[in-house]
Number of protein chains: 2
Amino acid sequence: MVLDMSVRVLSKGEQTRERILDITQDAVLHKGFAGTSLDEIICEAGITKSGFFYHFKDKNDLGKALLLRYLEQEAQLFDDLLRRADELSDDPLHSFLIFLKLFADVMADMPNGHPGCIVASYVYQDHMFSQDVRDLTAFDMLRWRKRFGERLQLIAQRYPPRIDVDLEAMADMLTAIADGGIILSKSLHDPSLLPKQILLYRAFVQRVFVSD
Amino acid sequence: MVLDMSVRVLSKGEQTRERILDITQDAVLHKGFAGTSLDEIICEAGITKSGFFYHFKDKNDLGKALLLRYLEQEAQLFDDLLRRADELSDDPLHSFLIFLKLFADVMADMPNGHPGCIVASYVYQDHMFSQDVRDLTAFDMLRWRKRFGERLQLIAQRYPPRIDVDLEAMADMLTAIADGGIILSKSLHDPSLLPKQILLYRAFVQRVFVSD
DNA sequence: TGAGAACAGCACCGCGAGTACAGTACTTAT
DNA sequence: ATAAGTACTGTACTCGCGGTGCTGTTCTCA
C-alpha cells in the first residue's frame, strides 16, 4: 500500500518551506485564508517574520504555493490509483470501479479523515486571491472533468448506458461527491461518511452501465 | 411559482438588520468570514460602527445571526418544495422525484446561480466560530439526513431497492451533491452545473428503486 | 409629547500584514 | 582558504481592522 515515490532529499530551505506549507494548510482548512495569521504560522514553524518573507514574497504568494502543492499531491494520488486500477483490469468499466473502490479505501484509511479540500476552501474565498490563483481552481475542475469523462466515454462505448445520462455531468459528479462528502465528514466529525459517498457513486456508475 | 409567504412589514431597525445580513452574506461567500471587514459592511450599509453594534454585539454574533437566517430560509424553501411535491402525488417515490425536479428547477431559475452555502463556508472556517455556531451546522446536516432518510424509508417499503444501499447514506448524498454542485458551479462560473447534479441524483434514486 | 428605538461621533487599544534594511551563521564551489 | 551564495535573525516602523466605551442626537410611534 505504501509506495515511496520520489523521496529525494530536501535541502534545509526546502524543508522549512514545506513545514510552513504544512502549518498553513492545517490552519487554512480550519480558519480560512484571511483568518490564518502569519504570526501564528511563523510561531509554529519556529522562525521569524524575516525568515518567512525569505520564502514567500507575500501572503497571496503563500496561498498560491499552497494551492499548487495541493493540486500536485492530489494529481499524484489519482494518477497512482488509476494506474493501479488499470493494472488490475483491462476492461474500462471494471478498472473504473476498482479505482473508485481504491479511492474509497484510501479515504477510509486516513486516521482523522480527509483534512479538507483546498480547492473548495478557495472557491468560498475567491475574492481573497489574485486572478491567476482563481484560474488554477477552475482549471483543476476541468482537468478532473476531462480525466473522468474520457474514462466514462470508453465505458459507454462497450457498455451502452441503461439510462440517458450526460457523461460530462457524471464526471463532474465525482468531484461534487468528493467535495460534498468532505463537507459532510467535517461537519459531523465522521470520517466514514466520505468513503460511503464514494461507494454510492460507484454503485450509481455500476447501475448506469450494467443491467439488473 | 412566486409565493409571497409572510411578507410582514419590517420596522426600520429590522430593515437595517436585514440589510446588514444581506451585505454580510454576499461578502462572506466571496471572502470568508475573517476576510469580511466590519468597516466594509458598515460602509455599504450606509451606517456607522455604533449603528452596527446596536444590532450585533460582536462579529461572532453577526456570524451566528447570518447562519440562523440562512438555515431558516433554507428550511422554508425545502418545506415548500416538499409540500408542493406531496400535493402532486401520494406515492412516496413519485413525490420525492417531483421534489427533486422542483429543487433542480428552482436552482436553475436563479439568475446568477446559487450564491453559495453558508453552512459549507462555515465548515471550512469552523475555528472562527464559537461552539454553539459549530453545533448549528452539524445539527442542520442531521436534520436533512433525518428528513430525506424518512422519505427514503417510506419509498423502500413500497419499492424494494434493486441494489443494497444504505438509505441514510443516500439521504446524506443529496446534501453532498448540493454542496458539491454549488462548488462546481461557483468555480466554473456555470450556474447550470448544480441543477444537473441534482437531476443526476434524481436519476440515481429512480434507478435504485425502479427496475429497467 | 414623551419615551424608547435607532442610530452618529469620537477616542482609544491591540493585533496582524507588510516594508525596509542591517547583520549573521552555515554551506558549497573554486 | 576564501569568496559567494543560502537561509535565515533582529529591529523598527506603518497602516488597517476588530473591538470597547461613552456621550450625544434624531426619529418614530403610542
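Everything numeric in this text was worked out from a predicted model, so none of it was measured.
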Of the candidates D:dT9, C:dA17, C:dA6, the side chain of A:Thr48 sits closest to D:dT9
Can you check whether A:Phe204's main-chain N or O pairs, donor with acceptor, with B:Arg207's side chain at less than 3.5 Å? no
Next item on the list: May I ask you to verify if any side-chain N or O of B:His55 is less than 4.0 angstrom from the OP1 or OP2 atom of C:dA5?
Entry: no
Original post:
Are side-chain N/O atoms of A:Asp190 and A:Ser192 paired as donor and acceptor at under 3.5 Å?
Top reply: yes
Quiz item: So, is A:Thr16 close to the D:dC8 phosphate, meaning a side-chain N or O under 4.0 Å from OP1 or OP2?
Solution: yes
B:Glu40 CD to D:dG18 C1', in whole Å, measures 14 Å
In whole angstroms, the gap separating C1' of C:dG16 from CG of A:Asp39 amounts to 6 Å
To the nearest angstrom, the CD1-P distance between A:Ile42 and D:dC8 comes to 13 Å
A:Asp58 atom CG is separated from C:dG18 atom P, nearest whole Å, by 6 Å
Query raised in the report: For A:Tyr54 and D:dC8, is the shortest distance between a side-chain N/O and OP1 or OP2 below 4.0 Å?
Result: no
Atom NZ of B:Lys49 and atom P of D:dG19 are separated, to the nearest Å, by 9 Å
Open item on the list: Quick test of your reading of the model: are B:Asp61 and B:Lys64 salt-bridged, counting only N-O distances below 4.0 Å?
Closed with: no
From CD of B:Gln15 across to P of C:dA5 the rounded distance in Å is 17 Å
Between the side chain of A:Ser185 and the main-chain N/O of A:Leu194, is any donor-acceptor distance below 3.5 Å? yes
Between A:Lys57 and B:Phe52, the residue closer to the 5' end of DNA chain C by nearest nucleotide is B:Phe52
Original post:
Mind checking whether B:Gln206 and B:Leu93 have side chains closer than 4.5 Å, heavy atoms only?
Top reply: no
In whole angstroms, the gap separating P of D:dC17 from NZ of A:Lys59 amounts to 14 Å
inquiry  = Considering every strand and a 4.0 Å limit on heavy-atom distances, what is the contact class for B:Gly46: base, sugar-phosphate, or nothing?
reply    = sugar-phosphate
Whole-Å distance, A:Phe53 CZ to D:dT11 P, equals 18 Å
On DNA chain C, more 5' by nearest nucleotide between A:Ser50 and A:Phe33 is A:Phe33
